[in-house]
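One structure is given below, encoded as structure tokens.
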Protein chains: 2
Amino acid sequence: MVSNTMRLADQISEAILEGDFPPGTRLDESGLAARFGLSRTPIREALAEVCARGLAERRPYRGVEVVSPDPDVLLDRFEALAEIEALCASLAAGRAQMADLLALEDLVHRMEDAGPDEYRQMNFDLHDRICRMARNAELARVADDLRLRLAAVRRAQLGHADRRQRSMREHRALVAAICDRDAVRAASLMRAHLRAGAQEVLSMARETAQPASSATS
Amino acid sequence: MVSNTMRLADQISEAILEGDFPPGTRLDESGLAARFGLSRTPIREALAEVCARGLAERRPYRGVEVVSPDPDVLLDRFEALAEIEALCASLAAGRAQMADLLALEDLVHRMEDAGPDEYRQMNFDLHDRICRMARNAELARVADDLRLRLAAVRRAQLGHADRRQRSMREHRALVAAICDRDAVRAASLMRAHLRAGAQEVLSMARETAQPASSATS
DNA sequence: TTTCCTTGGATTGCATACAGCCACATTATA
DNA sequence: TATAATGTGGCTGTATGCAATCCAAGGAAA
């Protein structure tokens with residue numbers, strides 16, 4: 001049911017997100033073909049999919065290049081995700097079924113004592129679950145798309161115990177608002193939660209980037 | 001700057017939207033290759049792009065098929081677009097610059113006496129402009145993506161003088177709200193405007209589809 | 001008559017070969 | 001020495017051939 005091209009695209013995407021191909025890297029077809037033991041043709045198709053996902057860009061006759069995160073684009077992307085997830089939270093508060101709410105509360109509870117990797121997965125699951133509770137497959141898809149496009153910079157965020165403490169408080173408040181069917185509070189909390197996370201990521205990215213730049217562009 | 005594959009994908013996409021390839025049509029590579037005077041390879045890449053745009057789907061070893069509009073998916077899609085454009089309108093009310101507002105008012109004014117084709121283009125331009133006035137490239141991109149995915153069913157909507165009258169009233173009120181910097185009113189009006197349009201499209205689609213269906217699924 | 005298997009045709013998926021374009025290096029000139 | 005012209009290597013874009021897979025038609029068995 002899932003094509004070979006998609007599997008290949010997943011592997012290449014994962015390699016990009018894992019930092020195996022840093023931003024700006026040229027993904028030459030021959031090299032990847034050798035690496036995967038295939039010919040250029042399936043690699044080419046997988047690269048097209050990777051480009052469609054926004055993780056790389058193809059310049060005609062110049063190959064595909066892993067995208068460099070432009071701060072302006074990242075800012076817009078974080079804001080867009082925050083607003084859309086806030087919208088989903090708002091809708092979820094009105095539409096979620098009882099079983100969903102119980103599962104959500106259970107998940108937040110289990111997140112308390114989870115290892116870093118587990119926590120990361122559970123955090124993703126929490127947000128995805130809320131988006132799906134809005135009962136709108138398109139909004140969930142859009143949110144998922146934005147999350148993928150932000151995944152590369154978000155990977156650097158992990159760890160940070162104090163951030164996690166704060167994040168958990170926000171999660172609890174957010175889930176409580178949804179369970180109370182309070183749409184506007186849920187939206188507001190979700191927006192604030194994601195804005196805080198974005199702030200964190202961007203400030204980290206800023207200090208790990210060039211410390212002193214006087215670029216004119 | 002724009003690749004050959006993209007141009008091909010545009011042509012095929014346009015053919016789909018124009019009704020040249022009705023939903024369910026199998027787009028076989030050899031046929032299209034002959035039609036465009038090319039080999040299968042570039043056609044294949046263009047079809048991958050068309051699939052990425054959501055206009056068709058590829059089933060492994062079974063070719064690509066023009067997607068049939070599932071009513072549930074369409075409903076979600078219209079709602080998602082309405083909510084996201086409402087969000088854009090809300091942001092636009094707060095962020096638009098003076099020149100934007102003047103251009104918007106001018107556009108609405110010029111729409112009064114425009115031919116059907118012009119009106120269609122101007123309507124698209126109006127919504128796109130408002131989304132870009134939100135000063136968030138990602139939200140504009142997402143809205144544009146949803147509009148493309150809805151384009152096929154929306155094409156059938158054109159004409160309908162009464163709908164246009166009503167639509168114009170809504171446009172004027174919406175633009176006025178944005179110019180007044182009234183974010184909540186702008187969002188509310190945009191949401192209502194798109195919901196009305198969606199209602200129109202879906203009811204039309206429903207009556208042109210099978211009139212009496214007793215499908216169990 | 002119905003069901004299952006087989007088999008043929010057609011189409012997709014992949015490999016390989018060739019053509020076109022770009023980037024870098026070398027060389028010639030001011 | 002700096003700059004412009006040019007040639008070369010390597011990569012991408014396209015064409016074509018072959019293998020793998022699916023679908024439908026036809027025949028055999030119950």
Side-chain angles (χ1 to χ4, degrees), chain A residues 1-16 19-68 70 152 215-217, chain B residues 1-16 19-68 70 215 217:
Chain A
M1 180 174 167
V2 55
S3 70
N4 207 338
T5 299
M6 287 301 172
R7 267 194 299 274
L8 253 181
D10 287 343
Q11 292 186 54
I12 297 173
S13 301
E14 188 57 28
I16 292 174
D20 204 344
F21 300 121
T25 306
R26 269 176 81 115
L27 301 172
D28 72 305
E29 301 169 357
S30 305
L32 289 172
R35 174 170 168 155
F36 286 99
L38 291 169
S39 91
R40 277 178 51 213
T41 310
I43 298 292
R44 223 178 131 72
E45 300 198 358
L47 284 179
E49 171 65 22
V50 171
C51 289
R53 293 179 187 177
L55 290 157
E57 277 179 0
R58 154 163 273 145
R59 255 85 66 85
Y61 291 101
R62 265 184 257 180
V64 333
E65 213 171 77
V66 178
V67 292
S68 309
D70 174 12
T216 52
S217 61
Chain B
M1 182 175 167
V2 54
S3 70
N4 206 340
T5 300
M6 287 300 171
R7 268 193 300 274
L8 255 181
D10 287 343
Q11 291 187 54
I12 297 174
S13 301
E14 189 57 28
I16 293 174
D20 204 343
F21 300 120
T25 307
R26 289 169 82 90
L27 300 172
D28 72 305
E29 302 169 358
S30 305
L32 289 172
R35 173 171 169 157
F36 285 100
L38 289 169
S39 93
R40 279 177 50 217
T41 310
I43 298 292
R44 218 178 137 71
E45 300 200 357
L47 284 179
E49 171 65 21
V50 171
C51 289
R53 293 180 187 176
L55 289 155
E57 277 178 0
R58 154 163 274 144
R59 255 84 66 87
Y61 291 99
R62 264 185 261 179
V64 333
E65 212 172 76
V66 179
V67 292
S68 309
D70 174 12
S217 61

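A, B, ... follow the sequence lines: proteins, then strands. Residue 1 opens every chain.
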Seminar exercise, completed: 5' to 3', nucleotides 11-22 of chain C under a 4.0 Å protein heavy-atom cut-off (B base, S sugar-phosphate only, - none) gives -BBSBB----SS
Exercise. What distance separates A:Leu32 CG from A:Leu8 CG, expressed to the nearest 0.5 Å?
Worked result: 9.0 Å
Exercise. Considering residues at least two apart in sequence or located in another chain, which fulfil the salt bridge (charged side-chain N to carboxylate O under 4.0 Å, His left out) criterion with A:Glu29?
Worked result: A:Arg40, A:Arg44, A:Arg58
Exercise. What pairs with A:Asp10 under side-chain contact (heavy atoms from CB on, under 4.5 Å), at least two apart in sequence or on another chain?
Worked result: A:Arg53
Exercise. What are the two closest heavy atoms between B:Phe21 and B:Val66, and how far apart are they?
Worked result: O-CG1, 3.8 Å
Seminar exercise, completed: Closest non-hydrogen contact found for A:Ile12 with A:Ala46 is CD1-CB, 4.1 Å
For this session: Can you tell me the distance, in whole Å, between the CZ atom of B:Phe36 and the C1' atom of D:dA15?
Result: 18 Å
